[in-house]
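To start, the structure itself, in structure tokens.
Just so we're on the same page: letters track the sequence lines, and every chain starts at 1.
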Number of protein chains: 2
Amino acid sequence: MTNRAYSAELAQLAGLLADRTRATFCLALLDGRAWTAGELAAYAQVAPSTASEHLNQLTEGGLLVERRQGRHRYVQLASPLVAELLETLTAHLDPPAVQPRGLRAANASAALARGRTCYDHLAGRLGVAVTDAMTGRGLLDQEGGFALTDAGRAWLTDDLGIEPAALRAGRRPSARGCLDWTERRQHLAGVAGARLCDRLLDRHWIRRIGTGRAVRLTPDGATALHDLLGLDGHAAGLI
Amino acid sequence: MTNRAYSAELAQLAGLLADRTRATFCLALLDGRAWTAGELAAYAQVAPSTASEHLNQLTEGGLLVERRQGRHRYVQLASPLVAELLETLTAHLDPPAVQPRGLRAANASAALARGRTCYDHLAGRLGVAVTDAMTGRGLLDQEGGFALTDAGRAWLTDDLGIEPAALRAGRRPSARGCLDWTERRQHLAGVAGARLCDRLLDRHWIRRIGTGRAVRLTPDGATALHDLLGLDGHAAGLI
DNA sequence: GCGACGCTTCGGCGGCCACCGAAACGTGCC
DNA sequence: GGCACGTTTCGGTGGCCGCCGAAGCGTCGC
């Protein structure tokens, strides 16, 4: 059977993520940025030598790409497709049983739940709220999967100034849903989600908090989203 | 970080698929039917005791559900979501390096490439041809992800007699793309894909070949698809 | 140039796990 | 009841793999 040929490859791919440390690396890299080997080692609490070996596996397996720069080794997810793969897998996980402990952890956790990037698009309450507002205004159609409406495409290009060419990508769908970890609901992903997130960062409507994935809505951003989408940041718990 | 809580679960989930034998089981079960423990053991060429232990893991991990019936243990993928998860993973694999050897294997492989079921919807040249024909007739919109158009929804209900309620499901998207193993192109999946496949089987427009996943277009089916979609079965290499 | 630093390579250790065969269990058939 | 058969449980075994520390390599800064 054809399956037999695939099963070894499938097992190999899954094996890359089947280790706690490597899984931690990949989830950390879901923020879309490049990390150094040392940062990842410290983050996952393993020896640098251990991290180095794991990174070899992940790059050889095609999940990560690396860039050597001076004495640093920067690694990054190989492509948005890898990010989508990770999102799909994490979406199938049960909600975590443990709650974060301690004030510091609780604050960080609350900030992440409020708003964050998910590889290259928005997630958390912010991501879901924007998605809902777009759907409510007829910019996005969630009936048959995720799809931009004509009005939605016009909104992104005319109102937000996104190049029409930048919305039409090859293999990657222009709009797709991504199941939100904290909200357990879909938010906008795909090319449109990525470009939208770029735009909001460009215009300083959202800003990264610290070095992590968390983002917060700026006052300018709250005004802009209210004008553009009728979104009330306070009511939606975004501020 | 929140990631740390997820990484253990992610590693656990991936670990279920990180074994060659378990991966073989899951890919076999992608045909959507229930297999007995013994069938799977023979298929994957392991001892029954080994298969039993693997099935325990897969069911405890939530990927499979089982039904005890007499002295048989039937197992099945737990839900369409699991099938989608597997499809997503296999879609990220490289095309297999090895070609099937021997006449028998080549025949089986050709039949699978011509048409097959992918869990609960159509795949292979047949699946892609139907998807393309639907897109060409404006029944399906592939611009912004996969979405049924109004005309497409009407076609499924009026021309094929599918209940409108059967197209509107909860968590599962009504239409989505699924990357085809053999064609390396997208075909229609999701609820619409499943109902469409049901219909074609009901009306004997397609028929299963042997006990595997392969299906073939019947003469009636060729006529019907020509009338409904303008699809020429011979030209498309479906017959 | 010299030390600090980030990273890698290597050897070794420990634990986990996939596998099997043998024996036991339960069901269906005669 | 007795046998055949599908399945499970249980030890035992071998191999793989994740981990570390020590040593080595290249880069940067003083």
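Under the 3.5 Å distance criterion, the side-chain polar atoms of T59(B) are left unmatched by any main-chain donor or acceptor of V65(B). T50(A) places no side-chain N or O within donor-acceptor distance of the main-chain N or O of V46(A), the cut-off being under 3.5 Å.
When the side-chain nitrogen and oxygen atoms of R71(A) are compared with OP1 and OP2 of dA4(C), none of them lie within a distance under 4.0 Å. Under 4.0 angstrom from either OP1 or OP2 of dG28(C) there lies no side-chain N or O belonging to H72(B). For T50(B) and dC20(C), the shortest distance from a side-chain N or O to OP1 or OP2 is below 4.0 Å. One finds no side-chain N or O of T36(A) lying less than 4.0 angstrom from the OP1 or OP2 phosphate oxygen of dG6(C). Under 4.0 angstrom from either OP1 or OP2 of dT8(D) there lies at least one side-chain N or O belonging to S52(B).
Regarding D19(A), its CG atom lies at a distance of 11 Å from the P atom of dC20(D), rounded to whole Å. Whole-Å rounding puts the L16(A) CG to dG18(D) P distance at 10 Å. Atom P of nucleotide dT8(C) and atom CG of L40(A) are separated by 11 Å, given to the nearest angstrom. In this structure, L58(B) atom CG and dA18(C) atom P are separated by 10 Å, rounded to whole Å.
You'll find the side chain of Y74(B) stays beyond 4.5 Å of the side chain of E66(B), heavy atoms only. For the pair L225(A) and L217(A), the minimum side-chain heavy-atom distance is below 4.5 Å. Using a 4.5 Å heavy-atom cutoff, the side chains of R22(B) and S7(A) are not in contact.
With distances taken from any side-chain atom of E53(A) to the nucleotides dT27(C), dA22(D), dG11(C), the minimum falls on dG11(C). Picking from dC7(C), dT9(D), dC19(D) the nucleotide with the shortest atom distance to the side chain of N56(B) gives dT9(D). Of all nucleotides listed (dG18(D), dT7(D), dC7(C)), dT7(D) comes nearest to the side chain of A37(B).
In this structure, E66(B) reaches neither bases nor backbone, as no heavy-atom distance under 4.0 Å exists between it and the strands shown. The residue Q69(B) sits apart from the nucleic acid: no heavy atom pair falls under 4.0 Å.
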